[in-house]
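Quick notes on the structure that follows.
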Amino acid sequence: MSVVSLQLGQCGNQIGNELFSVISDDSNGPNRKKYKQCSDERFFYETSTGELVARSVLVDMEPKVISQAIAKASKSGRWRYGDKAHFSQKQGSGNNWANGFCVHGPRHEEAVEDLVRMEVERCDRLAGIFTMMSVAGGTGSGVGTYVTQRLRDIYPQSFILNQVTWPYGSGEVIVQNYNSVLTLSHLYQLSDAILVHENDTVHKICSQLMNIKHISISDVNKVIAHQLGSVLQPAYTADSPCHYSRNPIGELLSSLVCHPEYKLLSLCNIPQMSSTSLAYSVFNWPGLLKHLRQMLIASARMEEGIDWTVSVTSGGESMPNSRHKSFNSSLANVLILRGKDVSTAVTDGFKDPALYVPWLKTENSFCTWNSPIAFNGYEKSATLVSNNQSLLKPLDNIVRKAWNMFASRAYVHQYTKFGICEEDFLDSFTALEQIISSYTHL
Amino acid sequence: MTTLVGQCGNQVGCRFWDLALREHAHVNQTGVYDEALSSFFRNVDQRREGGADSTGGRITSLKARAVLVDMEEGVLGEILQGPLRSLFNSTQLISDVSGSGNNWAVGHHTYGLTYREQIVDQVRKAAEHCDCLQCFFLIHSMGGGTGSGLGTFVLKLLEEEFPEVCRIVTSVYPTAEDDVITSPYNSVLAMKELTEHADCVLPVDNQSLVDIVGKIQHMSNTGKLGCTIKKDCTIISGQGGVVKVEKPFDAMNNIVANLLLNITSSARFEGSLNMDLNEIAMNLVPFPRLHYLVSSLTPLYTLADVNIPPRRLDQMFSDAFSKEHQLIRADPKHNLYLACALMLRGNVQLSDLRRNIERLKPTLPFVPWNQEGWKTSLCSVPPVCHSHSLLALANNTCVKSTFFELRERFVKLYRRKAHLHHYLAVDGMELAGFNEALSSISDLIEDYTHLESPLMPNAPRLAIAT
């Protein structure tokens, strides 16, 4: 089954480009014929001349990024984008969600839908639609939300997984918080799940783990692509223990999103390091999994600076002394292990019922996928896709800042002139406060 | 698309076209007419009927996407005879004979009425040649008659004819020692139009430009040890352009020209974090009338020493916020920031940018509801002769001091009704116009002041039933 990807806006297109590169590099590694076959069918189709073309639609309101992405792909020699699989305009969305959603979206909906339809029809079976966008800008956020809405209407039975990138807290775009609030509140109703990456977090991974001195945006994108690749590449799942799963997105969603009020997913991947250090490192499963478990409960996103004092308290008990800090409760977790001796890995640490909410049975909250093939150069690697409280704090920050700005009505005229009104803002704020409240009371 | 009005506007415009050509020549080695060039120039194939555009092919004949207006012939005549003449069709230049006599009313009402059709025609023609018209740049001065009066008339026209296209205005404000006596009248009358009809205004002050030029020349003349600067690589140098002979205001005009080039760089060239022109208006204008942006360009010059340690990079960021680098006489650090945009060009990485924002944030007072009010962009193509550069655009309450002074000078004249008869003699100009302009600028000053007053603490969040 195949995944159709949709790259929206500058961020979405840049990440998508890196993702396909990672997938292609990984699939072309040694000793993995069946793996490559499955991956190729999932993400590419073959032309009559034997070229691999990505099952991807590129959308942006200005042309430069898409041209760059297409050129870069062709240069790799291993894969490329479809000749007609992109849509761009000359003038961007001006970082304005309302411009993207109310003007550009409807104006170009037919063109974009046609492109998506071509890709969907080309698949033997559709595993799902995977979109990549940022929430801070105008196109990824505004047009992305509109397109998701249309796709939801056109393909009501298909899985839609939205990967979103949250901007640096210290500001990339001044109205980023407005755009984020508007996007997330709408996407929550439309998407099956929202997989979040935060630029702040990924930046730290680059600087502290990978020792990159001068971090560029492509470094950040490569890390995100690596993490996404580790989730999307073929693996054996609980439903499909002997063949590579044919329904990766469906299985991911059914394991993680049991309740429509809880759709925010986060990713932890371990180990992450620079390629020079990689050559000298040896890993073992117990070590990796111990770190990963602590990362989960302490809400850490990388293996450095984990707070080891946080531990799991059995639910309901209040500790008389605050030696044990409150830990990160999970709704559900999917652990994906890739690499050597993966069958020896012991994952019991993640089955502890105290980690999860009491109203879900543990066997429904946790499952493991694995693949004996080493991913992207790492002899052993583990990824945790999690539906938990770790995104609560960043989300709360975004809403708080947006609300303060809204209280003084700053920039609101820029949005109202494109067709949304103050009520729409209030509705979005309400929706997000609801989500925050749901996650707080897990 | 640029519209140049009046002597100042056209002279700055000249420098702009010269430097734009130089920049594109530097970047575009192959001579193919590409996307970047097409933002400012049309590639006209002379052999085809009617001079139709040819894209994607070799550069045959570049025509500027511009309309040049002046009510006296001197400046335009010079352009038509100078080395830049092939950039313009004679129809793109609109002129009259006698000038506006430093009288805003003559420029706005008399000439406005007379040349309205012609101007609309030319603008429309130029707009039709564009695949996608993103924004209008208007360059003029505030103190004179044509630039100020007719310039603001053209602004109103552009709003009427093309309401959806962004209008960015670069206005050169007169200094207190300006030799035109009626400049306060002209400026305040023009300000009202700018506040109402422009999307974004970049005020520039002649005195600041003089100071910056002086600073650069001082540096190049004293030649401290280890600090020799490359004379051709300053933002006031026009070396390498088409126009060979340097004229008196050239150095100052080059700075403004560089400002415009840097603003549009991310829209023309590729980068890892692009910024379009409408994003500037979107991010920096929180309230519709408060659209006056203070700009600063760094570095002013490149040192001959090629090795640039990161300390220099950080210095560039610090300089952008110092009052000596601002293009108007204002001190943004000691006033309140509403929003700030940093546009980087060249070899600067994301981590350098983020590090400097973290470093400078504590020193800059931002309005409480926009504590992280930074808009950033990274363009990979550096300006000519520099390896990197930074343009900072800030919406800061320090502009109100400029407006305050302007209003004082206006009131001084108005109180005694000095020179009013010249204005009232013009058909269409009434005393009410003066009063409206005065109250417009007063309101603007009041709006900026209001933002500085301590606001209520964080608004209570929405509470929902759990």
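So that the names make sense, note that chain A is the first sequence line, chain B the second, and so on, each numbered from 1.
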Flag, side chain of B:Asn395 to backbone of B:Leu284, donor-acceptor distance under 3.5 Å
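Here the side-chain-to-backbone pair exists.
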
Please answer whether the main-chain N or O of B:Glu270 pairs with a side-chain N or O of B:Ser380 as donor and acceptor at a distance below 3.5 Å.
yes

Below 4.5 Å, heavy atoms only, C-beta onward: do [X] and [Y] meet side chain to side chain?
{"X": "B:Leu451", "Y": "B:Asp447", "value": "no"}
{"X": "B:Leu202", "Y": "B:Leu393", "value": "yes"}
{"X": "B:Arg355", "Y": "B:Asp314", "value": "yes"}
{"X": "A:Asn95", "Y": "A:Gln176", "value": "no"}

To the closest 0.5 Å, what do you measure between [atom1] ([X]) and [atom2] ([Y])?
{"X": "A:Ile224", "Y": "A:Cys11", "atom1": "CD1", "atom2": "SG", "answer": "6.5 Å"}
{"X": "A:Ser274", "Y": "A:Asp219", "atom1": "OG", "atom2": "CG", "answer": "11.5 Å"}
{"X": "B:Phe136", "Y": "B:Glu159", "atom1": "CZ", "atom2": "CD", "answer": "11.5 Å"}

Between [X] and chain B, which part of the residue has a heavy atom less than 4.5 Å away: side chain, backbone, both or neither?
{"X": "A:Glu172", "result": "both"}
{"X": "A:Glu62", "result": "side chain"}
{"X": "A:Asn199", "result": "neither"}
{"X": "A:Tyr168", "result": "side chain"}
{"X": "A:Leu432", "result": "neither"}
{"X": "A:Gln14", "result": "side chain"}
{"X": "A:Gln10", "result": "side chain"}

Identify which part of [X] has an atom lying under 4.5 Å from any heavy atom of chain A, answering side chain, backbone, both or neither.
{"X": "B:Glu358", "result": "side chain"}
{"X": "B:Ala281", "result": "backbone"}
{"X": "B:Leu290", "result": "neither"}
{"X": "B:Leu133", "result": "backbone"}
{"X": "B:Cys166", "result": "neither"}

Under a 4.5 Å heavy-atom cutoff, which of [options] has the most pairs with chain A?
{"options": "B:Thr376, B:Asn278, B:Asn283", "answer": "B:Asn283"}
{"options": "B:Pro288, B:Gly271, B:Ala339, B:Gly373", "answer": "B:Pro288"}
{"options": "B:Ser351, B:Cys340, B:Ala267, B:Ala341", "answer": "B:Ser351"}
{"options": "B:Asp276, B:Ile357, B:Leu378", "answer": "B:Asp276"}
{"options": "B:Met275, B:Met282, B:Glu372", "answer": "B:Met282"}
{"options": "B:Val285, B:Asn370, B:Leu342", "answer": "B:Val285"}

Show the nearest heavy-atom pair for residues [X] and [Y], with the distance to one decimal.
{"X": "B:Leu313", "Y": "B:His388", "result": "CD1-NE2, 3.5 Å"}
{"X": "A:Phe20", "Y": "A:Tyr81", "result": "CD1-OH, 3.9 Å"}
{"X": "A:Asn99", "Y": "A:Ser93", "result": "ND2-O, 3.3 Å"}

Heavy atoms only, distances under 4.5 angstrom: which of A:Gly169, A:Ser218, A:Ser67 has the most pairs with chain B? Name it, please.
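Option with the top pair count is A:Gly169.
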
Contacts with chain B made by residues 132-142 of chain A (heavy-atom distance under 4.5 Å), listed by residue number:
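Residues of residues 132-142 of chain A touching chain B at under 4.5 Å: none.
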
If contact means a heavy atom pair closer than 4.5 Å, which residues of residues 205-212 of chain A contact chain B?
none

Can the ring centroids of [X] and [Y] be said to lie less than 6.0 angstrom from one another?
{"X": "A:Phe425", "Y": "A:Tyr415", "answer": "yes"}
{"X": "A:Tyr178", "Y": "A:Tyr411", "answer": "no"}
{"X": "A:Phe87", "Y": "A:His108", "answer": "yes"}

Please assess B:Trp374 against B:Tyr337 for the test ring-ring contact (aromatic ring centres under 6.0 Å, His included), listing each intermediate value before the final yes or no.
CA-CA 10 Å; B:Trp374 298 92; B:Tyr337 274 90; 7.2 Å; no

May I ask you to say whether A:Glu18 pairs ionically with A:Lys72, meaning some side-chain N is under 4.0 Å from a carboxylate O?
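Answer for the salt bridge query: yes.
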
